Amino acid sequence: MGRAGWKRALMSGSRPAHVPVLIAGGGPVGLAAAVELGRRGVGCLVVEPRRQVSTARPRCKTLNVRTMEHLRRWGLADRLRERAPLPVSWSQDVVFCTSLSGWELSRFTGVLGLSTQGDRFAETGQQAPQYVLEEVLRAHVAELEPCELLLGARVAAVHQDEERATAAIENEAGERFEVTADYVLGCDGPRSVVREQIGSAYVGGQALRPNFGMVFRSRELWKHVGHGPAVQYWVVNADAPALVGPLDRTDTWWAIAFGVGAEAGRNSAHRIIDALAGTAVEAEVLSTDPWTARMQIVDRMRDRRVFLAGDAAHLNPPFGGHGLNTGIGDAVDLGWKIAAVLAGWGGEQLLNSYEAERRPIQERVIAEASANMRVLSTELLADNLDDADAAGARAREAAGRRIQETKTAEFHSLELVLEQRIDSSPVIPGDLGTAAVGRRLAHRQLSDGRSLFDVLGPDLSLLAGPDARAQADAFEQAAETCGVPVTRLDLAASSTAPLVLVRPDQVVAWQGAGVPDARKLIDQVRGGV
């Protein structure tokens with residue numbers, strides 16, 4: 001069935017329609033997978049129960065440097081920034097304080113990849129509520145001819161054979177119909193039906209202490225903030241040890257009260273807000289979201305034609321802002337690999353590499369986020385913090401030292417974000433012990449002002465230094481013989497080596513001064529051996 005044929009079949013009611021890729025879940029991860037696939041010409045159907053993007057629970061608010069680089073590659077970075085309520089220029093700070101109107105204990109600047117200093121990345125991070133990202137991605141999926149977003153429906157069951165997967169889709173009226181697919185992506189969150197259907201299960205644990213999240217509106221709160229603009233304020237006082245931050249620059253805020261259960265939080269929401277402010281303020285609670293941190297990862301992320309990504313595959317505490325961003329990385333990895341297989345140049349080993357490459361990264365993120373959770377506002381409580389005497393000054397100085405010692409890694413985590421290393425993969429033939437292979441290509445600015453990332457091809461890219469032109473010619477010929485698309489870039493100066501082979505996800509697959517057997521190398525990178 002042609003690219004548009006499955007869409008006509010689906011819309012006309014003929015059953016079963018067949019789609020190359022079925023994506024269960026239209027949150028950020030499912031939508032990102034659709035964008036990665038759709039921009040490569042792969043037909044995909046995204047099935048999402050929510051007709052409207054929910055603004056009541058903004059969930060994730062940090063888009064890190066790596067996610068923004070992918071948005072740049074998709075042509076969406078500027079669109080996202082235009083929609084974001086908090087420009088990067090507005091604040092790059094995190095403040096620890098006894099209350100929004102109380103004493104400042106410590107401060108971090110240039111946090112969460114928001115610093116515009118340096119040249120390590122093509123895009124700075126961006127603070128934006130999750131719903132802003134979802135709205136931008138939904139709009140782009142609607143622009144992509146190969147993609148279809150089916151709202152008000154859910155994937156209720158999945159089964160598969162050697163030739164295809166079949167999904168039962170249920171609409172709001174309880175009516176069911178079937179869609180077959182070459183591949184199914186389970187991006188349907190912690191309660192994933194797809195995960196259940198393939199018999200995969202979370203392994204790990206959860207925190208003992210509950211947390212109470214809420215979104216509230218207060219038109220007067222900003223006039224009580226004595227610490228200037230910040231993307232987060234960590235409040236350290238016994239009445240409300242909590243984390244609070246603005247969703248916009250006018251009157252909407254999010255907060256997390258640590259150690260507070262659902263019932264207690266709902267009963268004392270206004271008291272918590274007053275304690276955060278350090279004074280009584282008028283406020284309207286817009287939504288509540290009780291939660292407990294989970295540190296879990298599935299025992300397997302693939303069953304033949306079905307894959308799991310994002311929260312359906314792994315969960316981590318939110319501290320450091322890594323969860324959504326790790327899910328976007330999953331979507332990118334799966335998207336280009338499935339597209340390569342469907343285009344005919346990718347082999348089965350390419351699909352086998354998904355879990356091999358992503359699991360160690362997901363496990364490291366879980367470990368880092370869990371470490372960040374060890375010291376929250378509850379662990380920073382101390383006597384005399386609000387006292388205006390010598391004892392208070394000593395207490396605040398001690399608290400500031402501890403904050404800097406224990407929380408720096410949470411807010412300055414570029415090594416985790418940019419240096420995510422693939423330690424083992426069946427499709428990376430290069431020496432994984434070298435500095436560059438298995439890592440994101442080092443960013444650099446070209447002489448014309450563009451980023452090196454801007455000139456990479458959509459599939460494989462071969463960067464050739466001035467002394468490697470002949471070797472690059474031989475490599476191109478081998479790639480053409482193998483039917484593998486390679487974009488050659490002759491650079492005025494070498495990158496990390498005379499020849500560098502870069503994957504669509506901007507990861508270095510191989511580098512060297514010459515290629516002893518170019519066909520063998522290409523065959524491994526494409527997943528053919």
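Note that the structure is predicted; figures quoted are calculated from it, not measured.
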*Could you give me the CA-CA distance, side-chain angles and deciding distance for E357 and R439, then say whether salt bridge (charged side-chain N to carboxylate O under 4.0 Å, His left out) is met?*
CA-CA 11 Å; E357 294 184 1; R439 292 188 177 183; over 6 Å; no
_Student check: side-chain heavy atoms of F121 and L414 closer than 4.5 Å_ = yes
*Considering only NZ, NE, NH1 and NH2 on the basic side and carboxylate oxygens on the acidic side, decide whether K337 and E355 come within less than 4.0 Å.*
no
*Please assess T67 against N325 for the test side chain to side chain donor-acceptor pair (under 3.5 Å), listing each intermediate value before the final yes or no.*
CA-CA 6 Å; T67 293; N325 297 287; 2.7 Å; yes
*Could you tell me whether the side chains of Q420 and R440 share a donor-acceptor contact shorter than 3.5 Å?*
no
*Side chains of R302 and N352, donor plus acceptor under 3.5 Å*: yes
*Using a 4.5 Å cut-off on heavy atoms from C-beta on, say whether the side chain of P129 contacts that of P85.*
yes
*Is there a side-chain contact between S218 and D251 (heavy atoms, below 4.5 Å)?*
no
_I need the minimum non-hydrogen distance between T124 and S115, along with the two atoms involved._
CG2-O, 3.6 Å
*When rounded to the nearest 0.5 angstrom, what distance separates CZ in F212 from OG in S268?*
7.0 Å
*Can you label the angle between the W222 ring and the Y233 ring as parallel, tilted or perpendicular, going by 30° and 60°?*
perpendicular
*Going through the checks in order, is the side-chain contact (heavy atoms from CB on, under 4.5 Å) test met by R50 and L151?*
CA-CA 6 Å; R50 299 168 302 150; L151 302 175; over 6 Å; no
*Just say parallel, tilted or perpendicular for the rings of W291 and F319, cut-offs at 30° and 60°.*
tilted
*Could you give the distance from NE2 (H140) to CG (L149), rounded to the nearest 0.5 Å?*
13.5 Å
*Considering non-hydrogen atoms only, spot the tightest contact between A32 and I328 and give its length.*
CB-CD1, 3.7 Å
_For a side chain to side chain donor-acceptor pair (under 3.5 Å) check, start with the C-alpha distance between Q92 and T109, then their side-chain angles and the critical distance, and finish with the verdict._
CA-CA 6 Å; Q92 304 167 15; T109 61; over 6 Å; no
*Run the salt-bridge test on E263 and R266 with the 4.0 Å N-O cut-off and return the result as yes or no.*
no
*asked:* Run the side-chain hydrogen bond (donor to acceptor under 3.5 Å, both in side chains) test against D330 and tell me which residues pass, sequence neighbours left out.
replied: H314, R358, Q362
*asked:* Walk me through whether E397 and R394 qualify under salt bridge (charged side-chain N to carboxylate O under 4.0 Å, His left out).
replied: CA-CA 5 Å; E397 182 180 0; R394 288 193 297 271; over 6 Å; no
*Is R503 reaching over with its side chain to a backbone N or O of V525, donor-acceptor style, under 3.5 angstrom?*
no
_For the backbone of P229 and the side chain of S91, can you confirm whether one donor and one acceptor N or O come within less than 3.5 Å of each other?_
yes
*Check the pair I23, V47 against side-chain contact (heavy atoms from CB on, under 4.5 Å), reporting the backbone distance first and the verdict last.*
CA-CA 6 Å; I23 301 174; V47 182; over 6 Å; no
*A497 to Q511 - nearest heavy-atom pair and separation*: CB-CB, 3.9 Å
*Quick one: closest heavy-atom pair of N237 and A275, and the distance?*
ND2-O, 3.3 Å
_Working note: V281 + H224, criterion side-chain contact (heavy atoms from CB on, under 4.5 Å); need CA distance, chi angles, decisive distance, verdict._
CA-CA 9 Å; V281 294; H224 297 292; 3.6 Å; yes
*Pair D454-R72, salt bridge (charged side-chain N to carboxylate O under 4.0 Å, His left out): steps then yes or no*: CA-CA 8 Å; D454 295 340; R72 179 190 183 105; 2.7 Å; yes
*Within a radius of less than 6.0 Å around CD of E282, do more than 12 heavy atoms belonging to other residues, nucleotides or ligands occur?*
no
*For R374 and T406, does a side-chain donor sit closer than 3.5 Å to a side-chain acceptor?*
no
*Is there a donor-acceptor pair closer than 3.5 Å between any side-chain N or O of R294 and the backbone N or O of G205?*
no
_Full working for side chain to side chain donor-acceptor pair (under 3.5 Å) between S200 and D299_ = CA-CA 6 Å; S200 179; D299 51 9; 3.1 Å; yes
_V244 and W254, any side-chain heavy atoms less than 4.5 Å apart_ = no
*Is any side-chain heavy atom of M68 closer than 4.5 Å to a side-chain heavy atom of L80?*
yes
_If we ignore hydrogens and angles and just use 3.5 Å, is the side chain of D248 paired with the main-chain N or O of T250 as donor and acceptor?_
yes
*Worked check of side chain to side chain donor-acceptor pair (under 3.5 Å) between S413 and E368*: CA-CA 9 Å; S413 58; E368 293 280 348; over 6 Å; no
_Six-ring centre of Y202, R195 cation under 6.0 angstrom, axis tolerance 45°_ = yes
_For a 4.5 angstrom cut-off between non-hydrogen side-chain atoms, does L308 reach V194?_
yes
*Charged N to carboxylate O below 4.0 Å: is that the case for K407 and E410?*
yes
*Do side-chain atoms of H227 reach the backbone of S99 as a donor and acceptor pair under 3.5 angstrom?*
yes
*asked:* Is it the case that over 12 heavy atoms from other parts of the model lie below 6.0 angstrom from the CD atom of E419?
replied: yes
_Could you check whether atom CZ of R219 has more than 12 heavy atoms from other residues, nucleotides or ligands sitting under 6.0 Å from it?_
no
*Contact check, side chains of L385 and L105, non-hydrogen atoms, under 4.5 Å*: yes
*Is the backbone N or O of D387 less than 3.5 Å from a side-chain atom of R396, with the two atoms forming a donor-acceptor pair by type?*
yes
*Would E36 and H70 satisfy side-chain contact (heavy atoms from CB on, under 4.5 Å), going step by step from the backbone distance to the final call?*
CA-CA 9 Å; E36 189 71 35; H70 289 309; 5.5 Å; no
*Is the F411 ring parallel, tilted or perpendicular to the W234 ring (thresholds 30°, 60°)?*
perpendicular
_Geometric class of the H443/F453 ring pair [parallel <30°, tilted 30-60°, perpendicular >60°]_ = perpendicular
*asked:* salt bridge (charged side-chain N to carboxylate O under 4.0 Å, His left out), that's the test. Do E69 and R66 meet it? Break it down for me.
replied: CA-CA 5 Å; E69 287 181 338; R66 200 69 189 101; 2.9 Å; yes
*Compare every heavy atom of V88 with every heavy atom of G125, then report the nearest pair and how far apart it is.*
O-CG2, 3.4 Å
*Judged by atom type as modelled, is there a donor-acceptor pair below 3.5 Å linking the side chain of K61 to the main-chain atoms of R59?*
yes
_Could you tell me if the side chain of L501 sits less than 4.5 Å from the side chain of S461, heavy atoms only?_
no
*Would you call E415 and R120 a salt bridge, taking side-chain N to carboxylate O under 4.0 Å as the test?*
yes
_Donor-acceptor contact present, side-chain S192 to main-chain D188, <3.5 Å_ = no
_For the student: nearest non-hydrogen atoms of L86 and Q126, plus distance_ = O-NE2, 2.9 Å
*Expected output: side-chain S106 to main-chain Q404 donor-acceptor under 3.5 Å*: no
*asked:* Tell me if a side-chain donor or acceptor on N384 pairs with a main-chain N or O of A391 at a distance below 3.5 Å.
replied: no
